[in-house]
Each structure stands twice: as C-alpha cells, then as structure tokens.
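This structure is in structure tokens; I'll ask about it shortly.
Worth knowing before you read on, the calculation uses all heavy atoms, side chains too, and leaves out hydrogens, waters and symmetry mates.
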Amino acid sequence: PDDYFYFIPPEIDPPHHRKYRNIVDPMFSPAAVKGLEGKIRKLANDLIDDIIAKGECEFTTAFSRPLPVLIFLELVGLPLDKLDLFVTWANDLMHSESPEIMGVTLKKITTYLTEVIAEKQAQPDGGVFSVIANASIDGRPLSYKEILGFCTFLFIGGLGTVYATLNNMWLWLAENPDRRQEIIARMGTDIDAIVEELLRRWSVTFSGREVIQDIEMRGVQLKKGDRVTCVLPSCNFDPEVFPNPTEVDFDRPRKTILAFTVGVHSCMGGHLARMEVKVALQEWLRRIPDFAVKPGTNIEYRPGGVIGPHHVPLVWPA
C-alpha cells in the first residue's frame, strides 16, 4: 500500500542499515550520553523534590515516566508539555490489544510527526528529529517515507521502554528490602554490574524479524517472508549462560545480555537507558532508601510489546 513505510533502522538490513545508523549514532554515543548525565541527575532530583515529603507516590507518573521521557523529548526536539499525550499514544499502540485502536493511534502519531518533519525542515534545531529530517545518505536527501519511518520508530521506542524497565526494577526493590540494602552498600564500587544484572533480569522489549529462507525449528515450519517475534528477555534466562537465571546476582561473570539486542541491530538508545537506570538508582536510593508497595495494591500487567507493571504505588516514611 502507498502509505506503508519501514521502521528505520530495525527493518533495514546491512549494508544500508549502517548508513541510517550513522545519521543518529553520534547523538546516542557513550560520549554524548555522558554529556547528558548532569541533566538527568538534576531532573531525577527535581522529581524526588516534588514527592519526598509526601511519603508516597504513584511511581509511574511521578518518576519512572517523566525521567526518561522528558530527556527523550528534549533530545529529539519535541514539546515537553505534550508528555502525557505522547505516552497515551505509545500505550494505546503497544497495549490496547485492539487492531482498530492501534491503527487509529499509529495514524495520529504519523500525522503529528508529518507536521513535525515539515517544521524541522523549515527550521532545523539540532535535535535528533531535525537531524533526521535534513539528512542525506549516499549523496541524496532521505525520502519522506524514510524520514517518517525513522522518526516513528524512535518516537515509539523512546516513550515506552525505559519507564517499563524502571517500574519492574522498583517493584522488586520495594518488595526486597535486604537486596535494596545490598545495592546501597555496593553502589559506590559496583554500580555498573548492578545496573547490568537488573537489566538482564528485567528486560522489557521484543524484536520483530523476517524469515529469509524456509526452515524448520523444533517441528515448526517457517517459510521465507514469514514475520516472527523474538522474545528477547527469555534469552537472558538461558540457564546454560546464566545459572539460576531468575536470581538477581550482582557477582555474575560479565556476559552479553539481550536487554538492547546485540549485533548490528543493537539498540541505539542502550547507552542512554543504562545511564538513566544508573542515575535513577543512585539518586532515589540516596534520598528514599526505605520504601514499600502501598498496602492493598493489586499490581497489574497489560499484554503488549513492552513488559512492565501498569502502576506501582509506593510509600515510605516521610
């Protein structure tokens, strides 16, 4: 159909995949993310300032959602005051379970991004979407469909994944005070290992792929052109790679995890996500070390492309 477009870069294979990645990778590189650390840390503390005296919060709306989403919106060059609208769209797209709602929502997103792309082409601002809207590969400007596919993929990926990850982690932290104390005791020296193990245990995203040749896997016939969903979090539970995989163990030997996939399609936002999780742990546990799930809470999970509790109400001694 005329309105079909590819999600770029995940639906593009090498060698063209790298050409698209080169456009944005410098803005998500370890050095670029390191430059954002101060801003992420300030935002984390501003959000904690708003709730610490109350002794309770709905973690999703008070912290886990605004922290990564506000950073993302600023990075790509979208208005911060539309955070709630954008997150509603992302949730409807990923969790509605209704093809009608998903279709209507995708149309809302692409209609909005079409306007954004035109604005960024008329007035470039240096943000990620502006860079994409004005980019060229192989000496030609990107087509409208390429730009739309790229921006739409980033929009969806940037809004849902990190806050679901934080929700998963904080629910576990709230329910495991002894492990929380262990993290606080070890944070000064082992923070990177702590972040990596928590990401292994609570990876949240799946990845779609296309079968390139007929093959049989475990008795299932797959045909060339079939679409498959890879449940990447399950790879982090392979007991041959990670013994006792459901246990959180900060002393595991360092091995590749699939929180952000791996190889040519590894997540371009992986460095940023790691930084956000690290700063969130450091600042929250420094200021609110003792917290629990609000008594009587029923933790709900909604099916969809990202795994995480819908709400995480927390309480602590004010």
Side-chain angles (χ1 to χ4, degrees), residues 8-10 12 14-15 17-45 64 66-78 125-132 135 137 150-151 153-166 168-169 183 186-205 207 232-233 235-236 250 252-286 306:
I8 293 175
I12 306 294
H17 174 268
R18 174 43 53 195
K19 296 171 186 174
Y20 292 108
R21 284 289 293 256
N22 287 345
I23 296 168
V24 293
D25 270 357
M27 307 176 84
F28 292 99
S29 69
V33 168
K34 186 71 183 155
L36 292 171
E37 181 175 359
K39 188 174 283 188
I40 297 168
R41 213 169 280 284
K42 181 182 186 309
L43 177 56
N45 279 290
S64 69
L67 181 72
V69 174
L70 287 171
I71 294 293
F72 171 76
L73 294 179
E74 196 168 326
L75 201 56
V76 297
L78 291 178
D125 59 19
V128 173
F129 282 1
S130 175
V131 168
I132 293 169
I137 57 173
F150 212 147
C151 291
F153 169 69
L154 282 178
F155 182 88
I156 296 165
L159 291 175
T161 48
V162 178
Y163 92 70
T165 303
L166 293 173
N168 283 320
M169 291 178 181
I183 291 171
R186 298 180 62 167
M187 221 155 36
T189 53
D190 299 329
I191 186 63
D192 291 337
I194 289 166
V195 168
E196 208 65 9
E197 174 66 354
L198 293 177
L199 284 169
R200 179 197 69 80
R201 182 61 181 79
W202 283 284
S203 299
V204 299
T205 52
S207 195
L232 293 173
C235 302
N236 294 332
F250 302 126
R252 287 185 187 279
R254 187 69 177 264
K255 291 178 183 169
T256 301
I257 62 169
L258 269 76
F260 305 109
T261 83
V262 73
V264 293
H265 287 285
S266 60
C267 172
M268 65 183 78
H271 301 299
L272 179 60
R274 282 186 171 93
M275 176 65 79
E276 289 167 344
V277 171
K278 172 178 148 178
V279 168
L281 283 167
Q282 289 172 326
E283 298 307 319
W284 182 283
L285 292 175
R286 179 173 67 82
V306 174

* Reported CG-to-CG distance for the pair L232 and L258, which is rounded to 0.5 angstrom -> 5.5 Å
* Asked: So which pairs with a foot in residues 268-281 pass side-chain hydrogen bond (donor to acceptor under 3.5 Å, both in side chains), sequence neighbours left out?
  -> E196-R274
* Asked: Quick one: are V279 and L67 in side-chain contact, heavy atoms under 4.5 Å?
  ->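 With C-beta onward as the side chain, the pair stays apart.
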* To do: Could you pull out all residues at least two apart from N168 that satisfy side-chain hydrogen bond (donor to acceptor under 3.5 Å, both in side chains)?
  =>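 Partners of N168 under the side-chain hydrogen bond (donor to acceptor under 3.5 Å, both in side chains) test: none.
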* **Counterpart residues, side-chain hydrogen bond (donor to acceptor under 3.5 Å, both in side chains), relative to N22 (two or more places apart)** => R18
* G127 versus D125, closest heavy-atom pair with distance ->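 Closest approach of G127 to D125, heavy atoms only: N-OD1, 2.9 Å.
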* Going from CG on L75 to NZ on K39, what distance comes out if it is rounded to the nearest 0.5 angstrom? ->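 Atom-to-atom, L75:CG and K39:NZ are 8.5 Å apart.
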* Asked: Does the side chain of I257 come within less than 4.5 Å of L199's, by heavy atoms?
  ->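 The answer is yes; the side chains approach within 4.5 Å.
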* Least distance between heavy atoms, A193 atom then F250 atom ->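 So the two residues come closest at CB-O, 3.9 Å.
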* Structure fact -> The reported gap from CZ in F28 to CG in D25 (rounded to nearest 0.5 angstrom) is 9.0 Å
* **Partner residues of R252 under the side chain to side chain contact (heavy atoms under 4.5 Å, CB included) criterion, sequence neighbours left out** =>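 If we apply the side chain to side chain contact (heavy atoms under 4.5 Å, CB included) test to R252, skipping adjacent residues, the hits are E197, R200, F242, P243, E247, D249.
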* **Minimum heavy-atom distance N236-S203, with the two atoms named** =>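 Residues N236 and S203, closest heavy atoms: ND2-OG, 2.7 Å.
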* To do: Please name the residue in the list I183, D190, T189 that meets the side chain to side chain contact (heavy atoms under 4.5 Å, CB included) test with M187.
  =>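 So the option named by the test is I183.
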* Beyond-backbone contact of N45 with R286, side-chain heavy atoms, under 4.5 angstrom -> yes
* Shortest non-hydrogen separation from S130 to G126 and the atoms involved ->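 Heavy-atom minimum between the residues: OG-N, 3.6 Å.
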* With rounding to the nearest 0.5 Å, note down the distance linking CG in L36 to CG in L43. =>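 Reported value, rounded in 0.5 Å steps: 11.5 Å.
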* Structure fact -> Rounded to the nearest 0.5 Å, the CD1 atom of I132 sits from the CE atom of M27 at a distance of 8.5 Å
* Asked: Any side-chain heavy atom of F72 sitting closer than 4.5 Å to one from L272?
  ->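 No. Closest side-chain heavy atoms not under 4.5 Å.
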* Above 12 or not: heavy atoms from other molecules or residues under 6.0 Å from NZ of K42? ->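 No, the 6.0 Å shell around NZ holds no more than 12 heavy atoms from other groups.
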Tabulate below the donor-acceptor pairs under 3.5 Å that side-chain atoms of residues 155-165 make, not counting sequence neighbours, or state none.
unit_1	atom_1	unit_2	atom_2	d
T161	OG1	G157	O	3.0
Y163	OH	N91	OD1	3.0
Y163	OH	N91	ND2	3.1
T165	OG1	T161	O	2.9

* side-chain hydrogen bond (donor to acceptor under 3.5 Å, both in side chains) involving Q282 - partner list, sequence neighbours excluded ->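 Q282 satisfies side-chain hydrogen bond (donor to acceptor under 3.5 Å, both in side chains) with R41 once adjacent residues are dropped.
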* **Gap separating the OG1 atom of T205 from the CZ atom of F260, nearest 0.5 angstrom** => 8.0 Å
